[in-house]
Amino acid sequence: MSFARLIQGPARMLRSARPSPSITPRFILSPAATAFHTTAKRLQATETQVLITPSTESLGFEVTGIKDAGNTRPIYMDMQATSPTDPRVLDAMLPYMTELYGNPHSRTHSYGWETEKGVDKAREDIAKLIGADSKEIVFTSGATESNNLSIKGVARFYKGKKNHIITTQTEHKCVLDSCRVLSDEGFDVTYLPVGKNGLISMDDLKAAVRPDTALVSVMAVNNEIGVIQPLEEIGAFCRSKKIFFHTDAAQAIGKIPIDVNKMNIDLLSISGHKIYGPKGVGALYVRRRPRVRLLPLMTGGGQERGLRSGTVAAPLVVGLGEACRIAAEEMTYDHERVKRLSERLIKGITSQVSHVYRNGDEVQSYPGCVNLSFAYVEGESLLMALKDIALSSGSACTSASLEPSYVLRALGAEDDMAHSSIRFGIGRFTTEEEIDFVISRVVAHVDKLREMSPLWEMVQEGIDISKIEWAQHA
Ligand SMILES: Cc1ncc(COP(=O)(O)O)c(C=O)c1O
Ligand code: FES
């Protein structure tokens, strides 16, 4: 029952308007959080044991059960995959899932108007977070759609006049795959390499530009290693060459400050579920001056300035807007907390375990994404040993391809190091106790796995294993 985990963090925290960031998370007052708290107290149970569901009658919550003791879930440390919904976001959405059910595009009655009001407010809150105008925000189903719409939309609109696109080797799959589709349609695509730190070089970008380059697409924060690309420099350069600049900001929005005007960004992709908002909703910022022209992927009723036909998902959009409003208000506080927890995690592990390497630039990165390689340990074995923690490996083992991460490979990581990496995702509701638990588990299991490794034994004996010539069997 997802509500339990969702509220379990915030419900026992005390909210304060402390100006100086502290390691203590805040108590978030919301009907959902309050329902857990009071119910747990009444039933003399812990908040994690209470199962509740929203009640349609009262717009409150009903107790629907008590979980078995011991039925606890792993500690969540996979914030780049998705984040828990903030209870305040849920509270903002609920009325739009119940009595405010009008179609936001209905112009002839108040049902439509009141929903449209909610959608407009969301548009404003999203625009404010990135320094845009609300008219420049287009609602989509998520960052995958926003990325597809930007890249395919710009390329197809300018086809014939401009046939070249530049992106990087470490983009999210949906960007790379959109580019692959365009290659099949006859466009040229340049995939910029990254340095050992995961960052692109401006010289490489400048060298790649051609007179027929239509678009440069470089992500803001990488989802595997957390590095922040030099957005302002890229934007200034693209503007000077009159090339559109798109950035996939799914992992960046609400985590680091972004200003589309200061950074000369023309298109920017947003996802709801990475910023404590709902899944299945996102947005695309499309600059109006100088105007970016796009061919839509979806045609029909002409909603969203004709760029994305289909009824706007009002409850989800309202949730995304509230997530952005909270992010704008609390970004500095959240960042400071996440940074402290991140430093605690890195220090806690590296002070007790040797041969641990951080992937990606340590300075130009978002601290909530910590990717570590544990030499002489197989990442998948470590993941399995750490089953009481929800984590992701840097490998593609969990996908069908059984290959190490293409992002780590692009950094020049050896295959064995790419295979031994784990990504720790820290977020708004992560607590200090959770970090300490993770440290103790990681230290214990890395030690145990290394004890079983013949390679590790050789390293301990001082043998340089890179110089060993392994026997080849015919
Ligand atoms: C960098 C990046 N881009 C795009 C996406 C896709 O986002 P969505 O799930 O909203 O389609 C993700 C999420 O995995 C991501 O991390
Ligand atoms: S360990 Fe699974 S892909 Fe490398």
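Both counts, for ligands and for their atoms, begin at 1 and track the order of listing.
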Considering distance alone, does some N or O of [X] sit under 3.5 Å from an N or O of ligand 1?
| X | value |
| --- | --- |
| Gln80 | no |
| Ala143 | yes |
| Ser271 | yes |

For [atom], what is the nearest protein heavy atom, given as residue, atom name and distance?
| atom | answer |
| --- | --- |
| atom 14 (O) of ligand 1 | Lys274 NZ, 2.7 Å |
| atom 11 (O) of ligand 1 | Thr144 OG1, 2.6 Å |
| atom 16 (O) of ligand 1 | Gln251 NE2, 2.7 Å |

Check: Atoms of ligand 1 less than 4.0 Å from His273 heavy atoms?
Finding: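 In order of number, 8 (P), 9 (O), 10 (O).
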
Note to self: Please tell me whether Tyr276 and Phe429 form a close aromatic pair, meaning their ring centres lie under 6.0 Å apart.
What the structure shows: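 When the ring centroids of Tyr276 and Phe429 are compared, they turn out to be within the sub-6.0 Å range.
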
Item checked: Phe244-Tyr158 aromatic ring centre distance below 6.0 Å ->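 Centroid separation for Phe244 and Tyr158: below 6.0 Å.
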
So, does [X] use its side chain to make a donor-acceptor pair with the main chain of [Y] at under 3.5 Å?
| X | Y | answer |
| --- | --- | --- |
| Glu378 | His419 | no |
| Ser342 | Pro367 | yes |
| Ser420 | Gly379 | no |

Check: Is Asp78 paired with Arg423 through a side-chain N to carboxylate O contact shorter than 4.0 Å?
Finding: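 Answer for the salt bridge query: yes.
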
Item checked: Electrostatic pair Arg288-Asp133, nearest N-O below 4.0 angstrom ->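 Salt bridge between Arg288 and Asp133, a charged N being under 4.0 Å from a carboxylate O: no.
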
Check: Out of Thr82, Ile270, Asp248, Asn223, who gets a non-hydrogen atom closest to atom 2 (C) of ligand 1?
Finding: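 Looking at heavy atoms only, the winner is Asp248.
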
Margin query: Considering Met219, Glu171, His172, Glu145 one by one, which has a heavy atom nearer to atom 15 (C) of ligand 1 than any of the others?
Written below: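 Comparing heavy atoms across Met219, Glu171, His172, Glu145, the nearest one to atom 15 (C) of ligand 1 lies in His172.
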
